[in-house]
Structure formats: structure tokens, C-alpha cells
Amino acid sequence: MNLDAEFTLRKLEIFIAFMNRGNLTRTADALGISNVSVHRALHSLEQSVRCPLFAHQGRSLVPLPAAHTLWEYGQEALDMLSRGVEEARKTAGIGQGRIRLGTLYSLTLETVPQLIMGMKMRRPDLEMELTMDSNETLQARLEDGLLDAILIVTSDAVIDLNRFEMLPLFDDDIFLAAPANSGLESGQTADLRDFSEQKFVSLADGFATSQGFYDAFAVAGYQPEIVTRVKDIFSMLSLVQAGVGYTLLPGRMKRVYENSVQLLKLAAPYQRRQTISIVFERNREHDPNLLALAAEGRMYRRQREGAERQAG
């Protein structure tokens with residue numbers, strides 16, 4: 001079917017509203033527009049369908065049989081389209097009772113639980129599907145529409161800000177983690193050149209902390225001897241605890257592991273800072289689930305900033 005280019009859904013909606021109310025003023029009030037706008041839309045629609053729809057009786061418009069026919073089919077078409085849009089949103093997982101959230105393993109200690117608890121307060125019936133993986137994999141899954149939002153290190157990622165919304169939560173520093181029996185002085189800073197004879201464990205490629213690891217040792221001027229690479233930060237720290245080797249890890253792990261491994265701040269040339277952010281599609285910024293996540297993210301950021309000011 002070839003519809004005139006001037007035939008629009010908005011004009012059809014105004015036409016149906018008028019047919020339901022039978023009066024220009026009541027239609028204008030219901031739609032929040034002027035009488036002139038209603039009249040103009042009806043006249044334009046009449047031209048688009050290329051047949052008379054109304055007869056003029058004084059200042060009133062009287063629907064002709066053709067108008068009643070268009071009204072009947074138009075209502076059906078709008079209802080069908082509305083259902084189609086709703087089903088499309090369900091297929092995409094938008095606005096439903098479930099959110100697919102991707103996160104780094106290291107954020108499950110504090111950040112993610114706090115966000116989830118806050119979201120459950122806002123939307124008690126919301127079901128959350130949590131995926132933990134590397135920075136690289138989570139970003140790819142978001143781009144493919146397999147996740148609704150992700151919490152990643154954005155300082156080490158290329159984010160298309162025309163497509164994605166990015167909400168920074170906090171910045172995090174990288175520390176040297178050593179086995180508890182390493183004998184290092186806890187108050188000193190770590191010059192990585194002093195550890196060239198030590199063995200190291202690392203996260204696999206694709207993890208944000210692994211990139212910071214390579215960058216720091218590039219500044220130190222050597223490639224460390226890596227005993228093994230693992231795919232989650234908890235396994236990596238277990239190896240450090242067992243004395244297998246040293247590693248670099250983000251400060252967000254410090255609170256849990258500071259009594260079982262030695263943590264030293266890196267000397268100035270090797271310091272690396274990670275920015276942790278929530279990332280989701282811009283075209284979904286009005287999704288109720290993502291609005292709740294963003295609101296909790298902003299609250300979490302303010303709480304951290306307040307705690308840091310008090311500590312400072």
C-alpha cells in the first residue's frame with residue numbers, strides 16, 4: 001500500500017480522538033493542543049487519504065461515512081501497532097521485570113550489592129540477572145544487546161558516547177599485592193624496578209586490571225615473569241595468598257584482603273587510576289529499570305565522595 005507522505009500516525013491519533021469526542025474543543029483539551037491544530041491535522045489527513053471525510057455545518061465538522069470507516073480501521077491499526085511496540089520492548093527486555101546486569105568480579109564485594117539493594121527498594125519486583133566477566137567481554141555483550149547495563153573500568157575502554165550513556169561512580173588506584181610473608185614494609189611505596197626478580201600472577205587479557213599491569217611494568221622497563229594468568233580476581237588473590245607470586249590489584253579489594261596479603265602503594269611513576277562507570281544504551285535512558293540503576297549509581301557516588309571528604 002502506498003500512503004501519502006503527509007499521512008502520519010500523529011494525524012491519525014488526532015482524527016481518532018476527534019471521532020471519539022465529536023468536538024474540536026474537547027479534542028484539543030484532551031490532547032493539550034489548540035483547536036486550530038486539531039482542525040489543521042484533520043484537513044491534512046483528509047487530503048492525504050484523497051477522499052472527503054467531513055461535511056461542514058457552520059463551524060462544525062460532521063463525519064461522513066468514509067470517516068467512520070477510517071475510524072474503525074484506524075483504531076484497529078493503532079491498537080495493533082501499540083501491541084507490536086510493546087512486544088518489541090518485551091523481546092528487548094526493556095521496561096520489564098528483569099534487568100541483565102554485567103559487572104567485573106571485583107565490584108561484587110561492595111559496589112554491586114549496594115546498587116542491587118537500592119534498586120530493590122525502588123522496584124521490589126525487579127529480577128536481576130548478574131553476569132561477571134572481563135571488561136572487554138562485558139562491553140561486547142552490551143554492544144550486542146545481550147546485557148542491559150554494565151559496570152566496567154571506562155578509563156581503559158573506548159566508549160561511543162553517541163550511542164552509550166556513561167555514569168562514573170568512583171576512581172580507584174592500583175596497588176602492589178605481595179604474599180603475607182614477603183617481609184615488605186607496609187608503609188613504603190613500591191618501586192617496581194625492585195621486583196624484577198620476583199614471580200607474578202596476572203589476570204588474563206581483556207581484564208582492565210591486566211592492562212594497567214602491563215602499562216606499569218612498561219614504565220619500569222622490564223617484562224615480569226608471569227607464573228600464571230587467571231580469569232577472575234579472586235583466584236588471582238588466592239595465588240598471591242598461597243605465595244605463588246606478586247600481582248597488581250585495584251584498591252577496591254583492599255578492605256577484604258589487607259590482612260591476608262601485603263598491599264603497597266605504587267611509586268609515582270607506576271601509579272594507575274581506574275574509573276568505574278555504569279554504561280548503557282542512550283536510546284534506553286527512559287527505561288524504568290535503567291532509571292532506577294542510574295539513580296542508585298548517583299546516590300552511591302555521592303556517598304563515596306562524602307566518605308572520602310570525611311576521611312581526608
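Position 1 is the first residue of the sequence, and the numbers go up from there.
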Visitor: If I take atom CZ from residue Phe280 and atom CE from residue Met166, how far apart are they, to the nearest 0.5 angstrom?
Guide: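 Here the interatomic distance stands at 11.5 Å.
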Visitor: Does the side chain of Thr247 come within less than 4.5 Å of Leu203's, by heavy atoms?
Guide: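 Counting from C-beta outward, Leu203 and Thr247 never come under 4.5 Å.
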Visitor: Taking atom types as modelled, find out whether Thr209 and Gln274 have a side-chain donor-acceptor pair closer than 3.5 angstrom.
Guide: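 Looking only at side-chain atoms, Gln274 and Thr209 do form a donor-acceptor pair, the distance falling under 3.5 Å.
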Visitor: Please identify each residue that fulfils side-chain hydrogen bond (donor to acceptor under 3.5 Å, both in side chains) with Thr25, with sequence neighbours left out.
Guide: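 Expected list: Asn35.
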Visitor: Mind checking the CG-CD1 spacing from Asp287 to Ile99? Nearest 0.5 Å is all I need.
Guide: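 It comes to 7.0 Å.
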Visitor: If you compare all heavy atoms of Leu142 against all heavy atoms of Leu147, which two are closest, and at what distance to 0.1 Å?
Guide: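 Looking at all heavy atoms of both residues, the shortest contact is CD1-O, 3.3 Å.
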Visitor: Is the closest side-chain donor-acceptor distance between Asp79 and Gln75 under 3.5 Å?
Guide: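 Checked: Asp79/Gln75 side chains show no N/O donor-acceptor pair below 3.5 Å.
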Visitor: Between Gln271 (side chain) and Leu266 (backbone), is there a donor-acceptor pair under 3.5 Å?
Guide: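 Confirmed, Gln271 side chain pairs with Leu266 backbone.
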Visitor: Find out if a path of hydrophobic residues (ILVMFWY) with successive side-chain heavy-atom gaps under 4.5 Å connects Leu192 to Val227.
Guide: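 Unlinked, Leu192 and Val227 end up in two clusters.
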Visitor: Are Phe170 and Leu115 connected into the same hydrophobic cluster when the rule is that any two of I, L, V, M, F, W, Y join if their side-chain heavy atoms are below 4.5 Å apart?
Guide: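 Looking at the clustering, Phe170 is in the same group as Leu115.
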Visitor: With hydrophobic residues grouped by side-chain heavy-atom distances under 4.5 Å, do Ile116 and Ile276 end up in a single group?
Guide: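 In one cluster with Ile116: Ile276, yes.
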Visitor: So, for Leu249 and Ala177, which heavy atoms are closest and what is the spacing to 0.1 Å?
Guide: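 Heavy atoms of Leu249 and Ala177 come nearest at CD2-CB, 3.3 Å.
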Visitor: Indicate yes or no: does Asp144 engage Arg141 in a salt bridge with an N to O separation below 4.0 Å.
Guide: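 No, no charged N to carboxylate O under 4.0 Å.
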Visitor: Regarding Asp191 and Tyr270, is there a side-chain donor-to-acceptor distance under 3.5 Å anywhere?
Guide: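 Result is yes, a qualifying pair exists.
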Visitor: In terms of hydrophobic clustering (I, L, V, M, F, W, Y; side-chain heavy atoms under 4.5 Å; direct or indirect links), are Leu161 and Val279 co-clustered?
Guide: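 Yes, one cluster joins them.
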Visitor: Does a side-chain N-to-carboxylate-O contact under 4.0 Å join Arg282 and Glu165?
Guide: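 Salt bridge between Arg282 and Glu165, a charged N being under 4.0 Å from a carboxylate O: yes.
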Visitor: Look at atom NE2 of His68 and say whether more than 12 heavy atoms of other residues, nucleotides or ligands are closer to it than 6.0 Å.
Guide: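 More than 12 heavy atoms, drawn from other residues, nucleotides or ligands, come within 6.0 Å of this atom.
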Visitor: Specify the closest pair of heavy atoms between Glu110 and Tyr300, including all atoms of both residues, with the distance to one decimal.
Guide: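 Taking every non-hydrogen atom into account, OE2-OH, 3.6 Å.
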Visitor: State the CD1-CG distance between Ile278 and Leu167, to the nearest 0.5 angstrom.
Guide: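 It comes to 5.0 Å.
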Visitor: Quick one: does any side-chain atom of Thr69 pair with a main-chain N or O of Pro65 as donor and acceptor, under 3.5 Å?
Guide: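 Yes: the side chain of Thr69 pairs with the backbone of Pro65.
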Visitor: Between Arg100 and Gly145, is there a donor-acceptor pair closer than 3.5 Å when you use the side chain of the first and the backbone of the second?
Guide: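 Yes.
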Visitor: Pick from Glu143, Glu285, Glu281: which one makes a salt bridge (Lys or Arg N to Asp or Glu O under 4.0 Å) with Arg163?
Guide: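 The single option meeting the salt bridge (Lys or Arg N to Asp or Glu O under 4.0 Å) with Arg163 is Glu281.
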Visitor: Considering all heavy atoms of both residues, which atom of Val201 and which atom of Met236 are nearest to each other, and what is their separation?
Guide: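 Nearest heavy atoms, Val201 then Met236: CG2-CG, 3.7 Å.
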Visitor: Checking Arg301 now: which residues fulfil salt bridge (Lys or Arg N to Asp or Glu O under 4.0 Å) with it, not counting sequence neighbours?
Guide: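 For Arg301 there are no salt bridge (Lys or Arg N to Asp or Glu O under 4.0 Å) partners, ignoring immediate neighbours.
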Visitor: Backbone N or O of Gly206 within a donor-acceptor pair of the Asn135 side chain at under 3.5 Å?
Guide: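 No.
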Visitor: Are Glu13 and Arg10 close enough for a salt bridge, meaning some N to O gap below 4.0 Å?
Guide: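 Yes, this pair counts.
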Visitor: For the residue pair Phe217 and Phe213, categorise the inter-ring angle as parallel (less than 30°), tilted (30 to 60°) or perpendicular (more than 60°).
Guide: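 Plane angle between 30° and 60°, so tilted.
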Visitor: Which heavy atom of Leu126 sits nearest a heavy atom of Lys120, and at what distance?
Guide: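 Closest pair (atom of Leu126, atom of Lys120, distance): O-NZ, 2.8 Å.
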Visitor: Given side chains that start at C-beta, do those of Ser260 and Val240 come closer than 4.5 Å, heavy atoms only?
Guide: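 The answer is no, as the side chains (C-beta and beyond) never meet within the 4.5 Å cut-off.
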Visitor: With the threshold set at 4.0 Å, does a side-chain nitrogen-carboxylate oxygen contact exist between Lys11 and Glu6?
Guide: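 Answer for the salt bridge query: yes.
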Visitor: Does one hydrophobic cluster hold both Leu184 and Val244, with members joined at side-chain heavy-atom distances below 4.5 Å?
Guide: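 No, Leu184 does not connect to Val244 through the hydrophobic network.
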Visitor: Hey, could you give me each pair passing ring-ring contact (aromatic ring centres under 6.0 Å, His included) that has a residue in residues 233-255? Not counting sequence neighbours.
Guide: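 Qualifying pairs: Phe195-Tyr246, Phe200-Tyr246.
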Visitor: I'd like to know if the side chain of Glu296 pairs up with that of Gln114 as donor and acceptor (distance under 3.5 Å, no hydrogens or angles considered).
Guide: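 No, no side-chain donor-acceptor pair sits under 3.5 Å.
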Visitor: Kindly give the heavy-atom pair with the smallest separation between Leu61 and Leu42, and that separation in Å.
Guide: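 For Leu61 and Leu42, the tightest heavy-atom pair comes out as CD1-CD1, 3.8 Å.
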Visitor: Tell me whether Thr137 contacts the main-chain N or O of Ser134 through its side chain, where contact means a donor paired with an acceptor under 3.5 Å.
Guide: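 The answer is no, because no donor-acceptor pair under 3.5 Å joins these two groups.
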Visitor: Is Arg26 reaching over with its side chain to a backbone N or O of Arg21, donor-acceptor style, under 3.5 angstrom?
Guide: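 Yes.
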Visitor: Are Arg284 and Asp148 within salt-bridge range, i.e. N to O under 4.0 Å?
Guide: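 A salt bridge links Arg284 with Asp148.
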Visitor: Does the side chain of Ser235 pick up a donor-acceptor pair with the side chain of Ser238 at under 3.5 Å?
Guide: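 No, because no side-chain N or O of Ser235 sits under 3.5 Å from a partner of the opposite role on Ser238.
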Visitor: Given Arg252, which of Leu104, Leu109, Thr111 fulfils the side-chain contact (heavy atoms from CB on, under 4.5 Å) condition?
Guide: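 Among Leu104, Leu109, Thr111, the one meeting side-chain contact (heavy atoms from CB on, under 4.5 Å) with Arg252 is Leu104.
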